[in-house]
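Please read the structure below before turning to the comments.
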Amino acid sequence: MQQVTDADEVDLVHHVLTDPDPTMAQSAALRHLDRRATALHLGPAYQEWAQAMDRATFSRHPTASSTWRPPGQTP
């Protein structure tokens, strides 16, 4: 997941979250999001990225969104 392009990131995270093993899927997706958030959090792209991840990905997978939230957002 570290090599995904920005354009493909939402689709890749969504695909990972559809894995038949939900625990493994959430673990992989959340680890990726934590890494990306750490890399982006000081830059201007962070807020837009976090909102896009929340809207496009976690709206389809509510159990994952209860585990990870962009800073400043409440569950």
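Computed from a predicted model, the values in this text were never measured in an experiment.
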(request) Report the distance from atom CG of Leu30 to atom CZ of Arg35, rounding to the nearest 0.5 Å. (result)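 Going from the CG atom of Leu30 to the CZ atom of Arg35 covers 12.5 Å.
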(message) Out of the candidates Met53, Gln47, Gln51, only one should pair with Trp49 under the side-chain contact (heavy atoms from CB on, under 4.5 Å) rule; please name it.
(response)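 When side-chain contact (heavy atoms from CB on, under 4.5 Å) is applied between Trp49 and each of Met53, Gln47, Gln51, only Met53 qualifies.
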(request) Examine distances only and state if a side-chain atom of Thr38 and a backbone atom of Asp34 form a donor-acceptor pair shorter than 3.5 Å. (result)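 Yes, the answer is positive, given that a donor and an acceptor are paired below the 3.5 Å cut-off.
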(message) Per the salt bridge (charged side-chain N to carboxylate O under 4.0 Å, His left out) rule, what does the pair list look like for residues 40-52, sequence neighbours excluded?
(response)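 Output for this query is empty, none listed.
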(message) Once salt bridge (charged side-chain N to carboxylate O under 4.0 Å, His left out) is applied, what residue pairs with a partner in residues 36-47 remain, sequence neighbours excluded?
(response)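 Counting only pairs at least two positions apart or across chains, the salt bridge (charged side-chain N to carboxylate O under 4.0 Å, His left out) contacts touching residues 36-47 are Asp6-Arg36, Glu9-Arg36.
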(message) If I compare all heavy atoms of Ala25 with all of Val16, which pair ends up nearest, and what's the gap?
(response)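 Result for this residue pair: CB-O, 3.1 Å.
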(message) Quick check: closest heavy atoms across Asp19 and Asp21, and the distance to 0.1 Å?
(response)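 That closest heavy-atom pairing would be OD1-N, 2.8 Å.
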(message) Can you list everything that forms a side chain to side chain donor-acceptor pair (under 3.5 Å) with Thr5? Sequence neighbours excluded, please.
(response)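 Per chain and number, Thr5 pairs via side chain to side chain donor-acceptor pair (under 3.5 Å) with Asp8.
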(request) State yes or no: do Val4 and Leu17 share one hydrophobic cluster built from I, L, V, M, F, W and Y residues joined by side-chain heavy-atom distances below 4.5 Å, directly or via other members? (result)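 Hydrophobic grouping puts Val4 with Leu17.
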